[in-house]
Amino acid sequence: MKLLHIVGDSKFGGASVLILRLAQKAKEFGWHVDVLTTDATFKKVLRESDIGVIDLDVIWRDINPLKDLWGLYNLYNFLKNSNYTIVHTHTSKGGFVGRLAAYLAKVPIIIHTVHGFAFHEQSFWLEIKIFSFLEKLASHWCDRIVTVSEFHKKWALELGIGDEEKVIAIPNGITEERVIPKRQKSEIQKELNLEGKKVILFTGRLAPQKGLEYLLKAVPILVSKVNNSFVILVVGDGPLRDYLEELVRNLRIEQYVKFLGFRSDIGDLLNISDIVVLPSLWEGLSIALLEAMAAEKPIITTTIGSNLEVVKDGESALLVPPKNSQELAYAIIKLIENPDLAERLARRAKERYKKYYTEDSMLEKYMNLYFFLYNINRNGKLKIKKS
């Protein structure tokens, strides 16, 4: 069995970690597994894990019809001569180009995972119309579409992107080992000069969808109303870093915000944090949210569809509307002033993680899907893609 994950030039992030674990799990069954990616960080991680890397530059984030046709043709040629049993595509652009190339190359089984549509809850209606049409078109070139939340499955069905048989939900999952601290709490606190301070943690790519600017704009409100000394740790990197650092300077809140960049010690940083704040404007299903839940931390996040699903409409986190700095500030104050509430929310978050969002559960569902499609393809019953 040969399996290829197609990612393209998407940057290393939460979805990359899930793809890595899917690849490792398939290797445990003796499959040959490759990942097509051009991201340097992801390639390094894959090679360290002994996963094959296909360094083929054929899928780019920006839309350029002539260049994209050239990329499609080259990917088609590669797949036609590679004898993969399964092609599993990821990301919107990778999913569109990858599915079409695999379909034309007559790859037996084609699966696409929607980590988040090209449109989202903040999109204008015309954007949703155009991109949902393209998703509808691409749905004819694959056997299954996997959404990472029930929210996105329901949305896909409402928009006519496949039917109940083709669209399935497999929620993201992570392993608890991912958030186990490896160093002493006091050591990290001393290293980052955090002794005696309330630590508010943000983790994620510094990109528009994460809504970090609204958390930063909440800091002046916190300064005026919170007696405790506090600091916001910003963990991650991305295209908005320069803008966000300038915003911090303009707001004159440098003493309250630390930009730590990309870190691999997420367990240690969660361990020293008192509150995790994730002010996302849209998500597929947030890995950062699952990490905070697995670490049993009090969480503040936004009322977007997948978040509502994960925290069960606010049973295991405080919820605020997207783009609302004032509500973010008040929610942080509420948890600082009510430690019993913070502890209760953290406990419920851990319970929901264990019940619904473990890595074992996610991997089992994906492997069952692979085997199911393989068996019906072998028996000549796989006709969904070509209907």
Side-chain angles (χ1 to χ4, degrees), residues 1 3 5 7 13-31 33 35 45 49 51 86 88-90 109 111-116 143-157 162 164-180 203 266-267 270 276 278 280 283-297 299 301 304-313 315-317 345-375:
M1 188 96 84
L3 167 64
H5 290 278
V7 184
S16 309
V17 176
L18 299 184
I19 294 164
L20 171 66
R21 291 298 296 126
L22 286 173
Q24 290 172 326
K25 190 67 178 178
K27 277 202 73 173
E28 290 176 18
F29 286 87
W31 297 7
V33 187
V35 178
V45 169
S49 302
I51 303 295
I86 301 174
H88 189 162
T89 64
H90 307 264
I109 299 165
I111 300 166
H112 175 59
T113 291
V114 178
H115 298 278
D143 303 299
R144 289 294 187 277
I145 297 167
V146 181
T147 63
V148 296
S149 71
E150 291 289 345
F151 167 77
H152 284 90
K153 175 186 174 180
K154 183 181 176 185
W155 202 6
L157 293 174
E164 286 277 4
E165 186 173 21
K166 180 163 282 190
V167 184
I168 64 172
I170 300 179
N172 288 342
I174 62 167
T175 176
E176 196 169 343
E177 283 72 28
R178 183 179 170 89
V179 298
I180 292 176
T203 63
I266 189 62
L270 282 163
V276 175
L278 302 168
S280 301
E283 292 281 0
L285 192 151
S286 171
I287 298 300
L289 177 56
L290 298 187
E291 288 171 339
M293 292 170 72
E296 200 168 339
K297 290 295 171 179
I299 301 161
T301 193
I304 59 174
S306 59
N307 285 350
L308 290 171
E309 177 183 323
V310 173
V311 303
K312 202 176 179 183
D313 296 327
E315 279 192 16
S316 47
L345 289 172
R347 188 173 61 250
R348 288 176 184 167
K350 181 66 175 278
E351 289 167 358
R352 276 194 66 76
Y353 156 74
K354 283 189 165 184
K355 191 170 183 179
Y356 299 106
Y357 299 105
T358 63
E359 185 186 83
D360 285 345
S361 174
M362 176 193 72
L363 292 176
E364 181 183 5
K365 289 170 183 173
Y366 270 109
M367 295 309 297
N368 286 343
L369 176 63
Y370 289 159
F371 281 117
F372 172 73
L373 293 176
Y374 175 74
N375 286 329

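Numbers here are sequence positions counted from 1.
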For this session: Identify the heavy atoms of V33 and A26 that sit nearest to each other, and give their distance.
Result: CG2-CB, 3.7 Å
Problem set entry | Mutual orientation of the aromatic rings belonging to Y370 and H88 [parallel < 30°, tilted 30-60°, perpendicular > 60°] | perpendicular
Problem set entry | Residues that H115 engages under ring pair (Phe, Tyr, Trp, His ring centres under 6.0 Å), provided they are two or more places apart | H90
Exercise. What are the two closest non-hydrogen atoms of Y357 and P171, and how far apart are they?
Worked result: CE2-CB, 3.8 Å
Seminar exercise, completed: Between the CG atom in L369 and the CD atom in E364, the distance rounded to the nearest 0.5 Å is 12.5 Å
Exercise. Between F371 and F29, what is the ring plane arrangement, given parallel below 30°, perpendicular above 60°, and tilted in between?
Worked result: perpendicular
Exercise. For the atom pair CE (M362) and CE (M367), what is the distance rounded to the nearest 0.5 Å?
Worked result: 11.5 Å
For this session: Apply the side-chain contact (heavy atoms from CB on, under 4.5 Å) test between T203 and each candidate in V276, L278, I287; give the one that qualifies.
Result: L278
Exercise. Between K25 and E28, is the closest basic N to carboxylate O distance under 4.0 Å?
Worked result: yes
For this session: Provide the full list of side chain to side chain donor-acceptor pair (under 3.5 Å) pairs with a residue in residues 285-296, sequence neighbours left out, each pair given once.
Result: R178-E291
Problem set entry | Non-hydrogen atoms of S280 and I304 that approach each other most closely | O-CG2, 4.0 Å
Exercise. What distance separates I111 CD1 from L373 CG, expressed to the nearest 0.5 Å?
Worked result: 5.0 Å
Exercise. Roughly how far, to the nearest 0.5 Å, is NZ of K350 from OG of S316?
Worked result: 13.0 Å
Problem set entry | Spatial distance of atom CD (E351) from atom CD (E315) [nearest 0.5 Å] | 10.0 Å
Problem set entry | Minimum side-chain heavy-atom gap T113-Y366 below 4.5 Å | yes
Problem set entry | Sequence-distant partners of F372, ring pair (Phe, Tyr, Trp, His ring centres under 6.0 Å), two or more places apart | none
Exercise. Within a strict 4.5 Å, meaning less than it, do heavy atoms of the L22 and L363 side chains meet?
Worked result: yes
For this session: Take atom NZ of K154 as the centre, draw a 6.0 Å sphere, and report whether it contains more than 12 heavy atoms from other residues, nucleotides or ligands.
Result: no
Seminar exercise, completed: When rounded to the nearest 0.5 Å, the distance separating NZ of K27 from CG of L3 is 12.0 Å
Problem set entry | Pair E164 + K153, salt bridge at N-O below 4.0 Å | yes
Exercise. Can you tell if the side chain of V167 reaches within under 4.5 Å of the side chain of T147, non-hydrogen atoms only?
Worked result: yes
Exercise. Counting only N and O atoms by type, is there a donor-acceptor contact under 3.5 Å from the side chain of S49 to the main-chain atoms of V45?
Worked result: yes
Exercise. Is there a side-chain contact between Q24 and I51, using heavy atoms and a 4.5 Å cut-off?
Worked result: yes
Exercise. Taking the side chain from Y353 and the backbone from I174, do they hold a donor-acceptor pair closer than 3.5 Å?
Worked result: yes
Exercise. Have E309 and S306 got a donor and an acceptor in their side chains that come within less than 3.5 Å?
Worked result: no
For this session: Taking the side chain as every heavy atom from C-beta outward, state whether R352 and V310 have any pair of such atoms under 4.5 Å apart.
Result: no
Problem set entry | Any side-chain heavy-atom pair of I19 and V7 under 4.5 Å | yes
Exercise. With L285, which of N307, I170, L290 fulfils side-chain contact (heavy atoms from CB on, under 4.5 Å)?
Worked result: L290
Seminar exercise, completed: Note: S149 and G284 closest approach over all heavy atoms is OG-O, 3.9 Å
